[in-house]
Each structure stands twice: as structure tokens, then as C-alpha cells.
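Counting starts at 1 for both ligands and their atoms, in listed order.
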Amino acid sequence: MQIGFFDSGVGGLTVLARALREISGADYLYYADTRFVPYGTKTKDEVRARALAAADSLFRHGAEVLVVACNTATSAAIETLRDKYGAPIIGMEPAVKPAVECHKDKRILVTATELSLREEKFRNLVARLDCEEFIDLLPLGGLVPLAEALRFDKESVEPYLREQFKPFDFGRYQAIVLGCTHFIFFKKHIQSIVGPEVDLIDGNLGTVRRLAAAIAERGLQADGSGRITFFESGEPVTEPDKLERFHRLIKAADEACE
Ligand code: DGL
């Protein structure tokens, strides 16, 4: 079986790294929409058009299941994608539900892209969970270009995070939701700034579990060997240095899974 993954860029590799750990017998197609990253600052219509282009390409190349490994694209396009294609489509949303489930008396900070946080899908989620009075929202879109440029060193990342975190007293927070797949690469930096008492919660494992359930339900053949074919905005990636970069990021993402 071939599983298609799609993100605006390298963020979805953090979900792919999880899938490589949890799912056996699959081959993967990974579509990074490199020419159009970031999505978080675009309009819903623009992101929806990009999601349709990516899904078309992945299904044309033989994907039997699609993982929208991007919270922003899910919020803009998941219904459109599910209406258009018969294959199972797994989306992502900021993991507010698990954070709220273990909520006690402290607050929860939800981080995501600008577009995810202002979308109706997110507002509906907050209303459904009835958690408005104890969550705060913080767009952290500045982390997306840092991840795309592979700038993971402390000097590049911490000044931005410290500035964004300035208004928050983390002694009052129980958890931070990492509601964008790019943010997973920065877990270590975030934890070191907010301290060990604050839980960092993301939706990657939950997404991969839903993927495994969809595979089982469809009875898809476990005949793959973990091969990954990469695409950048529709173009197959063949340059060795680009392929090496993708594999290096999967390794970094796998380390961030811990
Ligand atoms: N990785 C994406 C997400 O999970 C979007 C990042 C962006 O392109 O702004 O929301």
C-alpha cells in the first residue's frame, strides 16, 4: 500500500516519522508544497486550492490513503477533500481535546498558525469542548520559516520564542498545545524556556493511530517496505542533496517524538 502525506513544507515529516515507527508494510509519498509555504499567512481559499492540487497529485501517483499532515490545510480544506475523493483522508486539528481532558486548574496555551486559529473549524472545536475560559491562543507562525530554513540552533530560535512568550506566566499553565506540525521540531527549545512542569501536547500520535485504523478498516495490503518518494509542489525530488535533507529532517523529527 502507498500512503500519501501532504504538508506546506517540512512540518508533515514529523507525522511521517511517527508513521514510520508505528505502521509496518507501507510505502510513502511525501508532498511538500515548498513553492507555496507558508500556508498560515494565506487565505482559506488559497490554501484550499493548494490542498486540492496536492491531493490530485498524490492520488495520481497511487496513494490509497491521504494524510493531511498539516493543521492549517485541514482547517481550510478537509471537507472539500472528503467530498471530492472516495479514499480515506486523515486530517489534523490542534490537540486541544487531549489537553482539555487532563485539565485541572491551570490554563492551556494553544499555539498554531494564524489561519488555523481564526478558522471556523477551530472555533467550533473550542465551543464543543466548552474550554474557552481556560485556554489562550498564540500564533507562532514565525517558527515555520525557521524550520524550512533548517534553523534549529538556539541563537536563531530562542529570541523569537522568548519574545512571543513574554506575556505569559508559565507558572499558571498546565500545557501548551503544539497545533502546527512544523512546531514539533522546536519542542526542546520550547520546553527549555517554559520549564519542565508544562506539558507539550501534539496530535501526531493520535493522527497516526487514526491512519492505522483506516488502513485496517479498508484491509489495505501490508506489502510496502518503508520506501519514501518525495515531491516538491508536484515535482518528484531526485537531487541527492534535497533527498538527504528530507531524510535528515525525518531523523530530527523522530528524535523529537520522544
Ligand atoms: N505545518 C502546517 C500546520 O500544521 C502549516 C505551516 C504553514 O505553512 O504555515 O499547520
Salt-bridge criterion met for [X] and [Y] (N-O under 4.0 Å):
X      : Y      : result
Arg50  : Glu46  : no
Lys84  : Asp56  : yes
Arg35  : Glu232 : no
Arg118 : Glu114 : no

| said: Tyr30 vs Phe231, test: ring pair (Phe, Tyr, Trp, His ring centres under 6.0 Å). Steps then yes/no. | reply: CA-CA 6 Å; Tyr30 186 88; Phe231 300 87; 9.6 Å; no
| field | No-hydrogen, no-angle side-chain donor-acceptor test under 3.5 Å, Thr72 and Thr113 | value |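 Yes, side-chain donor-acceptor contact under 3.5 Å.
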| field | Minimum-distance protein heavy atom relative to atom 10 (O) of ligand 1 | value |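 That would be Thr72 OG1, 2.5 Å.
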| query | Starting from atom 2 (C) of ligand 1, which protein heavy atom do you reach first, and at what distance in Å? | reply |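 Its nearest protein heavy-atom neighbour is Cys70 SG, 3.2 Å.
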Check: [X] N/O within less than 3.5 Å of ligand 1 N/O:
X      : answer
Asp7   : yes
Ser116 : no
Gly40  : yes
Tyr39  : yes

| What do we get for Val144 next to ligand 1 when only non-hydrogen atoms under 4.0 Å count, side chain, backbone, both or neither? |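 Near ligand 1, Val144 shows its side chain, while the N, CA, C and O stay back.
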| What part of Asn71 sits under 4.0 Å from ligand 1 if we count only heavy atoms: the side chain, the backbone, both or neither? |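 Both the backbone and the side chain of Asn71 come within reach of ligand 1.
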| Non-hydrogen atoms of Gly11 and Phe185 that approach each other most closely |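 Answer, listing the atom of Gly11 first, then Phe185: CA-CE1, 4.3 Å.
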| task | Could you tell me which atoms of ligand 1, counted from 1 in the order shown, lie closer than 4.0 angstrom to a heavy atom of Ser8? | result |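 This gives 5 (C), 6 (C), 7 (C), 8 (O) as the contact atoms.
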